[in-house]
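Below: one structure, written as C-alpha cells.
Whatever order the structure lists them in is the order used to number ligands and atoms, beginning at 1. None of the values given here were measured: they were computed from a predicted structure. For this chain, numbers begin at 1 and follow the sequence in order.
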Amino acid sequence: MSAVRVGVLALQGDVREHLRMLADSGAEPSTVRRADELETVEALVVPGGESTTIDKLSRAFDLREPIRGRIAAGMPVLGTCAGMIMLADRIEGGIAGQQTFGGLDVTVRRNAFGRQVDSFEADLRVEGLDAPMRAAFIRAPWVERYGPDVEVLASVDRGEAGVHPVVVRQGPLLAASFHPEVGRDDRLHRRFVGMCREALR
Ligand code: GLN
C-alpha cells in the first residue's frame, strides 16, 4: 500500500516538526501553502502557532474555502494547539472577526490556562495509548463545550477551574491542545496516520 500523502499547512507555526513526525509515522508529508498543493494531499495537519495569524494568512492565500470544502468532503485533519482552534466550530476569547475552518462541533477557549500557567508540561493519559504522553501545553486552548458526536480522548483536571478535554476526535478530525510534534513520542501522529488509512480505504 502506498504511503498516505499528508500535507502540513505551512503558513505559520511549527511545520518542520510535523513533517518529520509524519515521515517517521509512515506517511508521505509535504507542505501546503497554495490551493493546488492542497489538491495533491489526502489529509492535512494544521500546526500550532498563532490561530489569528493562520486565519488571516489562510484567507489571504485563498486557502480557507478550499480547506473548508475538503473538510466537508471528509478529509482527515489533525489540528494541534492553534490547529485545534482552527478546527473548532466556535471560539471563546478570539479576536474580533477571527474565523476558523471549523468541522469539529466544539467550543474552544483560547489561552485557556491563563497567564500564570502560560506553558507547562504534563503526563497525559490518552484513551487508546497504553502509557501516558508527555504533553507540552504552550498558551494552549481547551475544549469548553462539545457536541454529541465528539469523542473525548484526554482531559486535564484544573482543580477548581474544572476538567477540560484536550484531545478530541470527531470522525476523521483529530485535535490536541498540546504539541505532540515536539519531542520523540510519535504515537498521536501514528494514530492519525492510521485514521487516514481507515478513512481513505
Ligand atoms: N494561543 C495560540 C492561539 O490562540 C495557540 C498557541 C499555540 O499554538 N502554541 O492561536
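For Asp130, the salt bridge (charged side-chain N to carboxylate O under 4.0 Å, His left out) test picks out Arg187, with sequence neighbours left out. Annotation: salt bridge (charged side-chain N to carboxylate O under 4.0 Å, His left out) contacts of Asp62 (sequence neighbours excluded): none.
A distance limit of 4.0 angstrom between heavy atoms and ligand 1 selects the residues Gly48, Gly49, Glu50, Ser51, Cys81, Ala82, Ile85, Arg110, Asn111, Ile138, Arg139, His179.
The aromatic rings of Phe137 and Phe120 lie parallel to each other, with less than 30° between the two planes, well short of the 60° mark. The aromatic rings of Trp142 and His164 sit parallel to each other, their planes meeting at less than 30°, with 60° as the upper class boundary.
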Distance-only donor-acceptor pairs under 3.5 Å for side chains of residues 89-97, two or more places apart:
| from | atom 1 | to | atom 2 | distance (Å) |
| --- | --- | --- | --- | --- |
| Asp89 | OD1 | Gly103 | N | 2.7 |
| Arg90 | NE | Thr107 | OG1 | 2.9 |
| Arg90 | NH1 | Asp105 | OD1 | 3.4 |
| Arg90 | NH2 | Asp105 | OD1 | 2.9 |
| Glu92 | OE1 | Arg109 | NH2 | 2.6 |
| Glu92 | OE2 | Arg145 | NH2 | 2.5 |

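Using a 4.5 Å heavy-atom threshold, the side chains of Val6 and Leu44 count as separate.
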